[in-house]
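Structure first, then comments.
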Amino acid sequence: MRKMIPIFTFFSFCFFSFLPKISFAEDILTSTGSVEGDGSLVSSGETFKLGFFKPGSTENRYLGMWYNKVSIQTVVWVANRDRPLTDSSGVLKIGDQGNVIIVTGNGSLIWTSNHTKAKNPVIQLLETGNLVLREEDDDDPENFLWQSFDYPSDTLLPGMKLGYDLRTGRDRYIRSWKNFDDPSPGENTFKLDPQGMPEIYLSNGSEVKYRSGPWNGIRFSGVPEMQPAYIFQFSFESNEQEIYYKYDLVNKSLISRLTVSPSAVLQRFTWLAESSVWNQIWYAPKDQCDYYAVCGPFGVCDANGSPVCECLKGFQPKSPQAWFLRDGTDGCVRRTPLACSKGDGFMKVKGTKLPDTEVSIVYKDKNLDQCEELCLKNCSCMGYASADIRGGGSGCVTWGGQLTDLRVYADRGQDLYVRLAGSELARKDDRDAKKRVAVIVAATVVPVLLFLAVGGFCLWRRKKRTITRKDTGIKERSGDLLMFDMVGGSSAGKEKSQDHRKEDLELPLLDLSVVVAATNNFSDSNKLGEGGFGPVYQGKLGDDEEIAVKRLSKRSGQGLDEFKNEVTLIAKLQHRNLVRLLACCIEGEEKMLIYEYMPNKSLDFFIFDETKKPLLDWEKRFDIIMGIARGLLYLHQDSRFRIIHRDLKASNILLDSKMIPKISDFGMARIFGGDETEANTKRVVGTYGYMSPEYAMDGLFSVKSDVFSFGVLVLEIMSGKKNRGFYQTNRDLNLLALAWRLWREGKGSELMDSSIDISSSMSTVLRCVQVGLLCVQERAEDRPTMSTVVLMLGSDNLPLPPPKQPGFCTGRSQPETGSLSSKQESSCTINQVTVTMLEAR
């Protein structure tokens, strides 16, 4: 028995001598331990895990932190973002100078935290997701020598501070990954600017994309939906030591994060455990007015307006021609110069997102009346507002210089007081007085004159109809605006939506002589192309405004209907991924649409050309896919109307000077009523190869028809091959069949265009192939909505369902676009059965 004791002691020594790799407490690493290989630290409540990982399909390794209880690995922090490990030899430990370090197997330093003078330091992963370095025997739980919360990656976690530590000069902000497979620092940042009244900016490099608006005591003024609720508690602190924003979870059992994506979108997610998905509950920018300064100085953006930009009262466009053509970036200027303190006053603008506060001053001890007096005495003061709206308001803020990035909301906006010359205020008061008198007069005489008014109106309408040209339905009037009766929900004026309403639409009207001069008399050298509608010409108004003129062919019977439809639809829509309709020209037999000019032509010009397709690398192609998805989401969900495009294809995706995609050609689009989800037509229009089976065969169309077209487009962008008329082998009917076969064989990446390198983005490529196949599934109800598509494309860790068989639609010997004629065929292969359809028109 005595001889056994030394043996037990020996084995015990050997066993425990190998334990210092990681301490017994899984959340703590002492100076004698390390994390390497598959080792990890796990927070005390097992919410977060720290270890080495490989993103996507790359072989590079990083030390990162992710959610331990979430079934999808979702990385929220990366240490060595800009210096990855190229093998598996990385080690995390405490260095000789008491700092956190990552070294290779041979001792080469890869990453380090700041140096400390710690006597007995330990590394601990807290339940909040904060990796900290502290003294082991320190009783103060917040006394950290170093913490990861001071060095965020692309994610803001609950309790994290976004902003400045004025004592150390440290700037805490989040920066996107370079792409979904590469966590190195990208170009997109979400950063607090402490100048003036602090607010947060989303920027791509030096270009501001989105601004939160200043904090008003409850929320950022540019985020009206930001309300304290049972999920979140928002806070903002500005004192002599720190300026920061943070949010906390009221229900600590929930999992939520705020991230900035490689595609410059700010997104807030919550984890739905029951369905194992990340649910996007908010994102920005979400509409045209969210983009920074789209209406320029002293311009106001209204997402529900048409056009969205309007000058403040007392102001007029700085560049009338550009403003006339719906480019508001130059903003507005005063009609009447200010007279300093001699008669100037202030106009109240209700419901605003307060303007950019870079040139603002905050007075915490002054009320609005005192602020008005102070601003009036300062000739450079252009406006003022309440700095804190809680409890009736306390403190105020004044602006010097221009008022930029203004927008208005239907509710939850703030009141802004804008300085105007006395004469402008008097003019406004006169108008208000006249309105009051008009109301009184109307209230007294309307009961007497009602019958006569109605009778006169009916006679006028009858007379007007007799002089309106029967072939167009378009009515001209003097002036520079076109008034057009819009039949809500019509396509070609024949298919009407359920509400049958009519609206007056204002659109700039150009003289024919102006368009003739701009296009050099429609010369062949200015011709950009020609479709079923008619030719398209490049032109220039004045010295710098380039335009594209879409001229209705005089011989085109179908073009007239599409012309009317396009005017009524696109003039009401504004989104950065939709082409802008600038004006119309209707004179004699000429009917023309004037658009913004796209210097890079259309998408098919690049992806289907062997010499040009290498110009679009994977990052550009992915950005184009995301842009098209956002534009389509706007049409289906976020615009004033629910719109089905019905002819989404590569040639209808235009590219601007920055290769930003813009959906064009709304001649075949259709408005849906509020409760309408599906419609039927006897006139099938669109382009073969992009049509969904239910539309091509039965004339049924819905938002899911556009989703099908989008899926085809995604696969074409990735492969560089056309779906219509493309045959790979005898067993592959078309591009969809090829993609489906490769996916089932586990070779989805082989679909990718061989002219570009995808080695560092393999997981994103495969995700896009899968999303494309999900969109072209045979049954409409199986296809995702565009909101789900945008979420799937924008999140690299969202699990995707397996796709079902696509509807293999193809065409034979038919024109590019239009209805089926009596001698044209369309075939669809559905569940191995081919159906050939003939339809007369």
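In this chain, residues are counted from 1 in sequence order.
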- Query: Without hydrogens or angle criteria, can the side chains of T764 and S761 be said to hold a donor-acceptor pair below 3.5 Å?
  - Reply: no

- Message: So which atom in I663 and which in L632 form the shortest heavy-atom distance, rounded to 0.1 Å?
- Response: CD1-N, 3.7 Å

- Query: With a 4.5 Å limit on heavy-atom distance, are the side chains of C775 and P784 in contact?
  - Reply: yes

- With Y537, which residues qualify under ring pair (Phe, Tyr, Trp, His ring centres under 6.0 Å), at least two apart? F522

- Backbone N/O of V707 and side chain of R783: donor-acceptor pair under 3.5 Å: no

- Spatial distance of atom CD1 (I653) from atom CG (L648) [nearest 0.5 Å]: 5.0 Å

- Message: Would Y690 and E716 count as a side chain to side chain contact (heavy atoms under 4.5 Å, CB included) here? Give the steps.
- Response: CA-CA 11 Å; Y690 294 92; E716 287 187 339; 2.4 Å; yes

- Message: Looking at T58 and G56, would you say the former's side chain and the latter's main chain have a donor-acceptor pair under 3.5 Å?
- Response: no

- Message: Taking side-chain contact (heavy atoms from CB on, under 4.5 Å) as the criterion, tell me which of L654, N652, L713 meets it with L603.
- Response: L713

- Item | Separation of M668 CE from D647 CG (nearest 0.5 Å) | 5.0 Å

- Can a donor-acceptor pair be found between the side chains of H636 and D706 at a distance below 3.5 Å? yes

- Decide yes or no on side chain to side chain contact (heavy atoms under 4.5 Å, CB included) for F269 and T259, but give the supporting numbers first. CA-CA 8 Å; F269 296 97; T259 68; 3.8 Å; yes

- Going from CG on L655 to NZ on K620, what distance comes out if it is rounded to the nearest 0.5 angstrom? 11.5 Å

- Note on the structure: Sequence neighbours excluded, the answer for ring pair (Phe, Tyr, Trp, His ring centres under 6.0 Å) partners of W278 is Y67, W271

- Message: For Y595 versus K550, what's the shortest heavy-atom pair and its separation?
- Response: CE1-CD, 4.0 Å

- Message: Counting C-beta onward and ignoring hydrogens, is there a side-chain heavy-atom pair between C768 and L793 closer than 4.5 Å?
- Response: yes

- Got a donor-acceptor contact below 3.5 angstrom from the N526 side chain to the Q538 backbone? yes

- Message: Using every non-hydrogen atom in the two residues, find where F701 and R646 come nearest and quote the distance to one decimal.
- Response: CE2-NH1, 3.6 Å

- Query: Does NZ in K178 sit with more than 12 non-hydrogen atoms of other residues, nucleotides or ligands closer than 6.0 Å?
  - Reply: no

- Message: Within the 4.5 Å heavy-atom criterion, are V714 and V712 side-chain neighbours or not?
- Response: no

- Task: Could you check if a side-chain atom of I594 sits within less than 4.5 angstrom of a side-chain atom of L581, using non-hydrogen atoms only?
- Result: no

- Hey, does V549 have a side-chain heavy atom less than 4.5 Å from the side chain of V536? no

- Donor on one side chain, acceptor on other, Q777 and Q805, under 3.5 Å: no

- Query: What is the distance from atom CG of D617 to atom CG of D753, rounded to the nearest 0.5 Å?
  - Reply: 11.5 Å

- Message: Using a 3.5 Å distance criterion without hydrogens, assess whether the side chain of R580 forms a donor-acceptor pair with backbone atoms of R326.
- Response: yes

- R551 side chain vs P535 backbone, donor-acceptor pair below 3.5 Å: no

- Message: Less than 6.0 angstrom from the centroid, inside 45 degrees of the normal: does K286 satisfy that with respect to the ring of Y283?
- Response: no

- Item | Side-chain (D287) to main-chain (D290) donor-acceptor, under 3.5 angstrom | yes

- Message: So does W177 get a backbone contact from the side chain of D154, meaning a donor-acceptor N/O pair under 3.5 Å?
- Response: no

- Message: L774 vs M792, test: side chain to side chain contact (heavy atoms under 4.5 Å, CB included). Steps then yes/no.
- Response: CA-CA 11 Å; L774 288 170; M792 290 191 298; 4.1 Å; yes

- Task: Please check if the side chain of S719 supplies one atom and the backbone of L715 the other of a donor-acceptor pair under 3.5 Å.
- Result: yes

- Query: With sequence neighbours left out, what residues match E59 under side-chain contact (heavy atoms from CB on, under 4.5 Å)?
  - Reply: K54

- Message: Restricting to non-hydrogen atoms, name the atom on A650 and the atom on S602 that form the minimum distance, rounded to 0.1 Å.
- Response: O-CB, 4.1 Å

- Distance col, row K601:NZ vs S651:OG, nearest 0.5 angstrom, shows 13.5 Å

- Residue set satisfying ring pair (Phe, Tyr, Trp, His ring centres under 6.0 Å) with F606, at least two apart, ordered chain then number -> none

- Item | With sequence neighbours excluded, residues passing salt bridge (charged side-chain N to carboxylate O under 4.0 Å, His left out) with K704 | none

- Task: Could you check if a side-chain atom of P802 sits within less than 4.5 angstrom of a side-chain atom of W743, using non-hydrogen atoms only?
- Result: no

- Query: Any salt bridge between E207 and K209, counting N to O under 4.0 Å?
  - Reply: yes

- When every non-hydrogen atom of L202 is compared with those of L266, the smallest separation belongs to CD2-N, 4.2 Å

- Applying side chain to side chain contact (heavy atoms under 4.5 Å, CB included), run through K721 and F608 and close with a yes or a no. CA-CA 6 Å; K721 298 179 174 69; F608 300 142; 5.6 Å; no

- Query: Who passes ring pair (Phe, Tyr, Trp, His ring centres under 6.0 Å) against F180, sequence neighbours left out?
  - Reply: F622

- Query: Checking H645 side chain against D665 main chain: does a donor-acceptor pair fall under 3.5 Å?
  - Reply: yes

- Note, Q770 side chain near L766 side chain (heavy atom, < 4.5 Å): no

- Query: Which atom pair, heavy atoms only, marks the closest approach of A548 to L528?
  - Reply: CB-CD1, 4.4 Å

- Judged by modelled atom types alone, do R630 and S263 share a side-chain donor-acceptor pair under 3.5 Å? yes

- Note on the structure: To the nearest 0.5 Å, atom CG of L735 lies from atom CH2 of W740 at 14.5 Å

- Task: Assess K612 against F605: is NZ or CZ under 6.0 Å from the centre of the six-membered ring, and within 45 degrees of the ring's axis?
- Result: yes

- Task: Output yes when a side-chain donor or acceptor of D656 lies under 3.5 Å from a complementary backbone atom of I660, and no otherwise.
- Result: yes

- Message: Within the structure provided, determine whether L633 and Q637 are in side-chain contact (heavy-atom separation under 4.5 Å).
- Response: yes

